[in-house]
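Some notes on the structure that comes next.
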Amino acid sequence: QVLLVESGGGLVQAGGSLRLSCAASKTFFSINVMGWYRQAPGKQRELVAIISSGGNINYASSVKGRFTISRGNAKNTVYLQMNNLKPEDTAVYYCYAGLSGWGQGTQVTVSS
């Protein structure tokens, strides 16, 4: 079973930056699509950014220009650089790897 391990969440002041990382272990194949979703308290899980192995990228409109998603040189890794964070970015961020499933989530809290 594929295991997705996330890191990089934390507490930051508004205007600050964080970088999330996700690595898929126990894989013998390349995962085509990887990305990040988030879920704030009382809200549905929503797409943040997604990237294919061919480099196609989609961002939620709320994060365009502030967040950057990228794939790592290591197989099946994905990163999310988050700049100019806002309090409304506060949520649990989940790594997504298509049919390989979801990470356990990492908390991002942005204070005003």
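Worth saying up front: this structure is predicted, and the values here are computed from it rather than measured.
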Item to check | Partner residues of S70 under the side chain to side chain donor-acceptor pair (under 3.5 Å) criterion, sequence neighbours left out | outcome: none
Item to check | Any pair counted as ring pair (Phe, Tyr, Trp, His ring centres under 6.0 Å), so long as it reaches residues 40-79, sequence neighbours left out | outcome: none
Item to check | Sequence-distant partners of S21, side chain to side chain donor-acceptor pair (under 3.5 Å), two or more places apart | outcome: none
Enumerate donor-acceptor pairs with a distance under 3.5 Å from any side-chain N or O in residues 33-45 to protein atoms, sequence neighbours excluded.
from : atom 1 : to  : atom 2 : distance (Å)
R38  : NE     : E46 : OE2    : 2.8
R38  : NH1    : D89 : OD1    : 2.9
R38  : NH1    : Y93 : OH     : 2.9
R38  : NH2    : E46 : OE2    : 3.3
R38  : NH2    : S62 : OG     : 3.4
Q39  : NE2    : K43 : O      : 3.1

Item to check | Interatomic spacing from CE in M82 to CG in L18 - rounded to 0.5 Å | outcome: 4.5 Å
Checklist entry - Tell me, which pairs form a salt bridge (charged side-chain N to carboxylate O under 4.0 Å, His left out) where one or both residues lie in residues 78-88, sequence neighbours left out? => result none
Item to check | Set of residues satisfying side chain to side chain donor-acceptor pair (under 3.5 Å) with respect to Q81, sequence neighbours excluded | outcome: N83
Next on the checklist: Is it the case that the side chain of T77 and the backbone of C22 share a donor-acceptor pair, with hydrogens and angles ignored and the cut-off at 3.5 Å?
Outcome noted: no
Next on the checklist: Return the OG to CD1 distance between S52 and I31, rounded to the nearest 0.5 Å.
Outcome noted: 13.0 Å
Checklist entry - For N32 and S53, what are the C-alpha separation, side-chain angles and deciding distance, and is it a side-chain hydrogen bond (donor to acceptor under 3.5 Å, both in side chains)? => result CA-CA 5 Å; N32 180 28; S53 57; 2.9 Å; yes
Checklist entry - Taking atom CG of N84 and atom OG of S17, what is their separation to the nearest 0.5 Å? => result 8.0 Å
Next on the checklist: Using the side chain to side chain contact (heavy atoms under 4.5 Å, CB included) criterion, which residues pair with N58? Sequence neighbours excluded.
Outcome noted: I50
Checklist entry - Given the rule that I, L, V, M, F, W and Y join up when any side-chain heavy atoms are under 4.5 Å apart, are Y94 and I69 in one cluster? => result no
Next on the checklist: Once side chain to side chain contact (heavy atoms under 4.5 Å, CB included) is applied, do any residues pair with S112, and if so which ones, sequence neighbours excluded?
Outcome noted: P87
Distance-only donor-acceptor hits, side chain of residues 95-108, under 3.5 Å, sequence neighbours excluded:
from : atom 1 : to   : atom 2 : distance (Å)
T106 : OG1    : G9   : N      : 3.4
Q107 : NE2    : A91  : O      : 3.4
Q107 : NE2    : T109 : OG1    : 3.3

Next on the checklist: Would a single hydrophobic cluster contain both V48 and V110, if residues Ile, Leu, Val, Met, Phe, Trp and Tyr are joined by side-chain heavy-atom contacts under 4.5 Å?
Outcome noted: yes
Next on the checklist: When you group the ILVMFWY residues by side-chain heavy-atom contacts below 4.5 Å and let the links chain together, are L20 and V5 in the same group?
Outcome noted: no
Checklist entry - Which residue pairs satisfy the disulfide (SG to SG under 2.5 Å) criterion with at least one member in residues 45-75, sequence neighbours excluded? => result none
